[in-house]
Q: 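Before I ask anything, let me first share the structure, which is written out below as structure tokens.
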Number of protein chains: 2
Amino acid sequence: MSPRKSVAEARETRARILDRSVAIASVEGLDGLTIGRLALDLGMSKAGVLGHFGTKEALQLAALREASAVFSRLVWEPNAHLDAGLPRLHGVCESWADYLVRARDHFPGGCLFTTAAVEYDARSGPVRDAITRLTVFWQHRRLGFDLRAAVALGELRPDADVEQLVFELTGIYLSLNQAVQLNQAADAQARALRAVDRLLALEAPVPG
Amino acid sequence: MSPRKSVAEARETRARILDRSVAIASVEGLDGLTIGRLALDLGMSKAGVLGHFGTKEALQLAALREASAVFSRLVWEPNAHLDAGLPRLHGVCESWADYLVRARDHFPGGCLFTTAAVEYDARSGPVRDAITRLTVFWQHRRLGFDLRAAVALGELRPDADVEQLVFELTGIYLSLNQAVQLNQAADAQARALRAVDRLLALEAPVPG
DNA sequence: CCTACCGATCGGTAGG
DNA sequence: CCTACCGATCGGTAGG
């Protein structure tokens with residue numbers, strides 16, 4: 001007579017909780033994500049929700065993992081098959097802009113990394129560390145890899161400053177997120193893509 | 001025998017509360033700014049703090065006003081006397097970068113506008129509206145004014161897209177804030193200024 | 001996965 | 001500007 005579920009059902013419940021967690025946290029922040037709100041939304045008890053994770057901090061870390069999985073699915077995977085260097089970089093940059101403008105199902109309040117990075121940038125602990133790791137991975141590693149490949153392949157000039165490009169690309173996406181979320185600017189995506197194109201065009205190899 | 005203070009003392013207390021509010025909110029967010037924490041930090045009672053503002057929302061709005069005053073003092077006023085157009089634009093851009101890197105007294109958690117914009121971009125109400133107004137003012141009006149002046153004066157090419165420049169400049173400062181707060185990147189300020197210079201150089205008037 | 005509960009803290013009020 | 005208090009909600013636990 002206990003309401004305990006099978007392993008498969010429990011796994012599905014966990015997935016439902018995480019999906020909802022990412023959506024709530026994108027709006028209310030990882031701190032504003034509360035067990036009570038989650039339980040209410042899902043029609044569960046607080047203890048039922050918390051049982052899947054143990055503590056709120058574990059839930060926050062799981063939500064960040066889930067957000068990273070969504071980001072990978074929407075931004076990285078569709079372009080993973082492209083040639084390393086400029087082709088894949090262009091693909092990822094387009095998908096990234098699309099993700100910020102259209103991923104309202106998972107992130108009604110905008111990219112969770114962007115929200116969480118600002119929310120935790122002055123704190124310490126495991127949540128902040130996870131956020132730092134993830135933003136470094138997606139911004140510096142993933143973008144950086146194709147940028148370095150483009151330099152090595154001669155698609156960008158040999159003296160291109162990759163970290164400078166990462167810094168500026170990051171800014172373009174942060175600005176796009178703000179324009180979409182705060183100012184509801186309809187032309188923001190076009191501005192972002194124009195900025196990316198101009199940035200990369202500047203680093204085109206000198207002919208001859 | 002009552003602990004009530006004179007008008008001047010009350011005003012000073014109010015200023016102390018606001019100063020502390022901006023500092024706390026920059027770390028914990030405008031939502032994480034609580035009356036109890038404020039009272040504890042200032043050695044006052046909660047009722048004593050709240051009496052100056054009435055409600056938490058009024059306190060949040062007052063904190064935003066105060067943050068704007070600090071921003072004006074550090075970024076705008078030192079450059080207000082410069083010639084409109086490129087000279088003042090360069091001055092403001094340098095002070096802005098300086099403000100993000102060094103204003104740790106007032107903003108230990110980074111620029112309050114940046115934090116608040118992300119925190120409230122998916123909510124509605126007076127606080128969100130105030131944040132939108134302030135970011136529009138500083139980004140689009142103030143930067144936009146000198147950019148348009150520069151175009152009118154022939155310091156930038158006549159077909160320069162001012163809103164595109166505002167979009168990209170905003171991104172540079174958002175990226176700088178993240179690099180400083182989240183990644184503690186020592187070279188971030190130099191990267192920001194390099195990005196600004198390159199952006200404006202691209203819009204230099206074509207000779208002849 | 002539930003009910004029932006814990007101490008702590010939230011924003012805010014009454015009254016002085 | 002204080003003390004003393006309010007109902008609501010927080011994260012979390014006991015026990016089943």
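In what follows, chains carry the letters A, B, and so on, assigned in the order in which the sequence lines appear, proteins first and then strands, with residues in each chain numbered from 1. Below, all heavy atoms of this structure are taken into account, side chains as well, without hydrogens, waters or symmetry copies.
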Q: Mind checking what makes side-chain contact (heavy atoms from CB on, under 4.5 Å) contact with A:Asp83, not counting sequence neighbours?
A: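 A:Asp83: side-chain contact (heavy atoms from CB on, under 4.5 Å) contacts with A:Pro87.
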Q: Hey, where does DNA chain D pair up into stems, meaning at least three consecutive Watson-Crick or G-U pairs with distances under 3.5 Å?
A: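 If one scans DNA chain D for consecutive Watson-Crick or G-U pairs, the stems found are C:1-16 with D:1-16.
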Q: Rounded to whole angstroms, how far apart are CG on B:Leu30 and P on C:dG11?
A: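 That distance rounds to 12 Å.
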Q: By nearest atom, which of the nucleotides C:dC1, D:dG11, D:dT3 is closest to the A:Ile35 side chain?
A: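 Shortest atom-to-atom distance from the side chain points to D:dG11.
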Q: Between A:Arg198 and B:Glu168 (salt bridge meaning N to carboxylate O under 4.0 Å), is one present in this structure?
A: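 Yes.
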Q: Which residues pass the side chain to side chain donor-acceptor pair (under 3.5 Å) test with A:Arg123, sequence neighbours left out?
A: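 Testing A:Arg123 for side chain to side chain donor-acceptor pair (under 3.5 Å), a comparison that skips the adjacent residues, returns A:Asp31.
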Q: For B:Leu40 and C:dT9, give me the distance from atom CG to atom P, rounded to whole Å.
A: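 In whole Å, C:dT9 P lies 10 Å from B:Leu40 CG.
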Q: Using only side-chain N and O atoms of B:Thr13, determine if any of them is under 4.0 Å from OP1 or OP2 of D:dC1.
A: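 For D:dC1, OP1/OP2 do have a side-chain N/O of B:Thr13 under 4.0 Å.
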Q: Quick one: side chains of residues 175-184 of chain B, donor-acceptor pairs under 3.5 Å with protein atoms, not counting sequence neighbours, listed by atom name and distance.
A:
from: B:Ser175; atom 1: OG; to: A:Phe167; atom 2: O; distance (Å): 2.8
from: B:Gln178; atom 1: OE1; to: A:Gln139; atom 2: NE2; distance (Å): 3.1

Q: Between B:Thr34 and C:dC10, is there a side-chain N or O to OP1/OP2 distance below 4.0 Å?
A: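 Answer is yes, contact under 4.0 Å.
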Q: Rounded to whole Å, please give me the gap between CE in B:Met44 and C1' in D:dT3.
A: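 Atom-to-atom, B:Met44 to D:dT3, this comes out as 14 Å.
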Q: Considering only heavy atoms, which members of residues 20-29 of chain B lie under 4.0 Å from some atom of DNA chain D?
A: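 Residues of residues 20-29 of chain B under 4.0 Å from DNA chain D: none.
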Q: Please list, chain by chain and in numerical order, all residues satisfying side-chain contact (heavy atoms from CB on, under 4.5 Å) with B:Asp98, sequence neighbours excluded.
A: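 In terms of side-chain contact (heavy atoms from CB on, under 4.5 Å), with neighbours along the sequence ignored, B:Asp98 is linked to B:Arg102, B:Gln189.
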Q: Measure CG/B:Asp31 against P/D:dT9 and give the value in whole Å, please.
A: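 To the nearest whole Å, that distance equals 15 Å.
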Q: Could you pull out all residues at least two apart from A:Asp19 that satisfy side-chain contact (heavy atoms from CB on, under 4.5 Å)?
A: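 With neighbours one apart ignored, the set is A:His106.
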Q: Please determine, for the side chain of A:Ala47, which listed nucleotide (D:dG11, D:dC2, C:dC2) has the closest atom?
A: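 Ranking D:dG11, D:dC2, C:dC2 by closest atom to the A:Ala47 side chain puts C:dC2 first.
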Q: Holding to side-chain contact (heavy atoms from CB on, under 4.5 Å), I want the full list of residues that pass it with B:Ala149, two or more places apart in sequence or in another chain.
A: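 B:Ala149 satisfies side-chain contact (heavy atoms from CB on, under 4.5 Å) with B:Ala84 only.
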Q: From the set D:dC2, C:dC2, D:dG12, return the single nucleotide nearest to any side-chain atom of A:Lys46.
A: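 Among the listed nucleotides, the one closest to the side chain of A:Lys46 is D:dG12.
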Q: Name the nucleic acid region contacted by B:Leu42, choosing base, sugar-phosphate or nothing; use a 4.0 angstrom heavy-atom cut-off, strictly under.
A: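 It contacts nothing in the nucleic acid.
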Q: Name every donor-acceptor pair, under 3.5 Å, that has one atom in a side chain of residues 63-73 of chain B and the other anywhere in the protein, sequence neighbours excluded.
A:
from: B:Ser68; atom 1: OG; to: B:Trp138; atom 2: NE1; distance (Å): 3.2
from: B:Ser72; atom 1: OG; to: B:Glu77; atom 2: OE2; distance (Å): 3.3

Q: Give one of base, sugar-phosphate or nothing for A:Leu33, where a contact means two heavy atoms less than 4.0 Å apart.
A: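 Sugar-phosphate contact only - A:Leu33 comes under 4.0 Å of backbone atoms but never of a base.
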Q: Taking DNA chain C as the partner, which of residues 49-62 of chain A come within under 4.0 angstrom of it by heavy atom?
A: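 Here the set is A:His52.
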Q: Can you list everything that forms a ring pair (Phe, Tyr, Trp, His ring centres under 6.0 Å) with B:Phe107? Sequence neighbours excluded, please.
A: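 If we apply the ring pair (Phe, Tyr, Trp, His ring centres under 6.0 Å) test to B:Phe107, skipping adjacent residues, the hits are B:Tyr99.
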Q: Taking B:Thr114's backbone N and O only, do any of them form a donor-acceptor pair with B:Tyr173's side chain (distance below 3.5 Å, no angle check)?
A: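 No, the answer is negative, given that no donor and acceptor are paired below the 3.5 Å cut-off.
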Q: Could you state the CG-P distance from B:Leu38 to C:dT9, rounded to the nearest angstrom?
A: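 Roughly 16 Å, once rounded to whole Å.
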Q: Quick one: which residue pairs count as a ring-ring contact (aromatic ring centres under 6.0 Å, His included) with a foot in residues 24-51 of chain B, not counting sequence neighbours?
A: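 As it turns out, there is no ring-ring contact (aromatic ring centres under 6.0 Å, His included) pair with a partner in residues 24-51 of chain B once direct neighbours are skipped.
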